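So the structure is just underneath, and the comments pick up after that.
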Amino acid sequence: MTQPIIVFDLDGTLVDTSPDLLAALSHSLKDSGLPPIDPALFRAYLGMGGRAMIERAFRQANRSLDADQHEKLITTFLQHYTDNIPGTSQPFPGVLDAMQRFADAGWKLAICTNKFEKLSHALVEGLGIHAHFAANCGADTFAWRKPDPRHLLSTIEQACGDPDQAVMVGDSKTDIDTAKAAGIPVVAVDFGYTDQPVATYEPSMVISHYDELTVAVATRLIAAANEGTTTQAEAP
């Protein structure tokens with residue numbers, strides 16, 4: 001029998017990286033003459049990456065941003081973030097217990113993230129949780145990335161998992177679209193990095209805490225997906 005697999009997005013799903021991403025953004029912008037960023041305004045956009053956040057900061061300040069300056073700023077952003085991994089980033093409440101529940105039940109675990117693979121590995125290793133994952137695939141692991149479903153399907157393949165016995169967990173429209181395109185049920189956390197409520201994107205299920213993510217729930221989601229139903233799983 002093949003093992004079922006649960007695949008997690010990383011930033012905003014498994015790990016709260018917001019303090020370190022925001023610190024890197026502030027550092028990259030410190031000599032640009034822009035006003036200090038408001039963390040409350042930028043947290044929702046962290047999942048879009050440093051390049052998009054730099055663009056947003058300039059738009060909010062009604063400042064132009066040329067290509068050369070953009071490249072210098074993103075280089076500074078990435079260097080600061082890389083030099084400080086794992087910083088103060090921490091797994092979200094309950095996630096470690098949830099991971100252990102699935103491992104104890106014989107499930108494989110994997111990460112599918114649009115973070116660069118090197119940074120994803122550095123973060124997970126820095127937090128001491130890398131041994132839990134059969135695969136950790138980033139934006140540059142393959143020739144495609146989320147929302148291309150091949151990113152998720154290739155991650156499952158690399159982990160030696162079964163896409164017919166898989167669940168994804170994410171925090172954004174990108175994650176939800178990726179899983180749907182791959183034909184895989186998706187659980188969305190509502191505490192991640194998104195500018196719209198994740199329920200808007202119609203995932204298979206929304207959770208507010210990892211205590212809600214049980215093996216029984218995931219198993220029901222897979223069964224419903226394989227039966228071709230659209231009914232969302234009910235929490236136990």
Side-chain angles (χ1 to χ4, degrees), residues 8-92 111-130 133 135-148 150-152 154-155 170-178 191-196:
F8 296 89
D9 172 53
L10 185 54
D11 296 72
T13 299
L14 267 181
V15 181
D16 185 4
T17 51
S18 59
D20 300 301
L21 291 171
L22 289 167
L25 179 62
S26 294
H27 177 78
S28 69
L29 297 173
K30 67 178 183 179
D31 296 325
S32 299
L34 271 62
I37 64 168
D38 182 344
L41 292 178
F42 274 84
R43 188 181 187 278
Y45 300 96
L46 292 176
M48 297 179 182
R51 188 177 297 275
M53 287 191 292
I54 290 168
E55 291 174 351
R56 186 170 185 82
F58 273 78
R59 282 199 306 272
Q60 287 188 344
N62 293 315
R63 288 273 304 279
S64 61
L65 175 64
D66 63 49
D68 289 342
Q69 184 182 21
H70 200 176
E71 289 305 315
K72 290 178 181 178
L73 292 174
I74 190 61
T75 297
T76 302
F77 172 92
L78 289 171
Q79 190 62 56
H80 184 276
Y81 182 71
T82 301
D83 289 346
N84 290 280
I85 286 179
T88 59
S89 297
Q90 288 294 322
F92 281 103
I111 292 172
C112 180
T113 175
N114 277 347
K115 202 182 197 76
F116 289 126
E117 183 181 303
K118 177 182 177 181
L119 297 179
S120 181
H121 281 270
L123 175 60
V124 174
E125 289 170 8
L127 293 173
I129 59 175
H130 56 285
F133 300 100
N136 182 351
C137 300
D140 52 342
T141 303
F142 310 110
W144 40 78
R145 58 188 289 181
K146 296 181 298 185
D148 190 315
R150 291 175 293 179
H151 191 181
L152 174 56
S154 297
T155 298
D171 71 315
S172 69
K173 182 179 187 296
T174 297
D175 297 320
I176 294 166
D177 286 349
T178 302
F191 44 75
Y193 312 146
T194 176
D195 60 338
Q196 298 292 329

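This structure is a prediction, so every number in the text was calculated from the model and none was measured.
Under the 4.5 Å side-chain criterion, counting only non-hydrogen atoms from C-beta, Thr194 is not in contact with Lys173. Residues Met53 and Met48 have side chains not in contact (no heavy-atom distance under 4.5 Å, counting atoms from C-beta outward). At a threshold of 4.5 Å between non-hydrogen side-chain atoms, the residues Leu123 and Leu10 count as touching. Residues Phe116 and Leu78 meet the side-chain proximity criterion, which asks for heavy atoms closer than 4.5 Å.
Taking the side-chain hydrogen bond (donor to acceptor under 3.5 Å, both in side chains) definition, one finds that Asp66 meets it with nothing, sequence neighbours left out. Applying the side-chain hydrogen bond (donor to acceptor under 3.5 Å, both in side chains) criterion to Asp140, with sequence neighbours excluded, gives no partner residue.
Taking the six-membered ring for Trp and thresholds of 30 and 60 degrees, Phe133 and Phe8 have ring planes more than 60 degrees apart, a perpendicular arrangement.
Listed by first and then second residue, the ring-ring contact (aromatic ring centres under 6.0 Å, His included) pairs involving residues 39-68 amount to none (not counting sequence neighbours).
For Phe142, the CZ atom is densely surrounded, since the number of other residues' heavy atoms within 6.0 Å is greater than 12.
Between the Asp20 side chain and the Thr88 main chain, a donor and an acceptor come within less than 3.5 Å of each other.
Just one residue in the list Thr174, Asp175, Asn114 forms a side chain to side chain donor-acceptor pair (under 3.5 Å) with Lys146, and that residue is Asp175.
Ionic pairing of Glu117 and Arg145 is not present here: no N-O contact between side-chain nitrogen and carboxylate oxygen is shorter than 4.0 angstrom.
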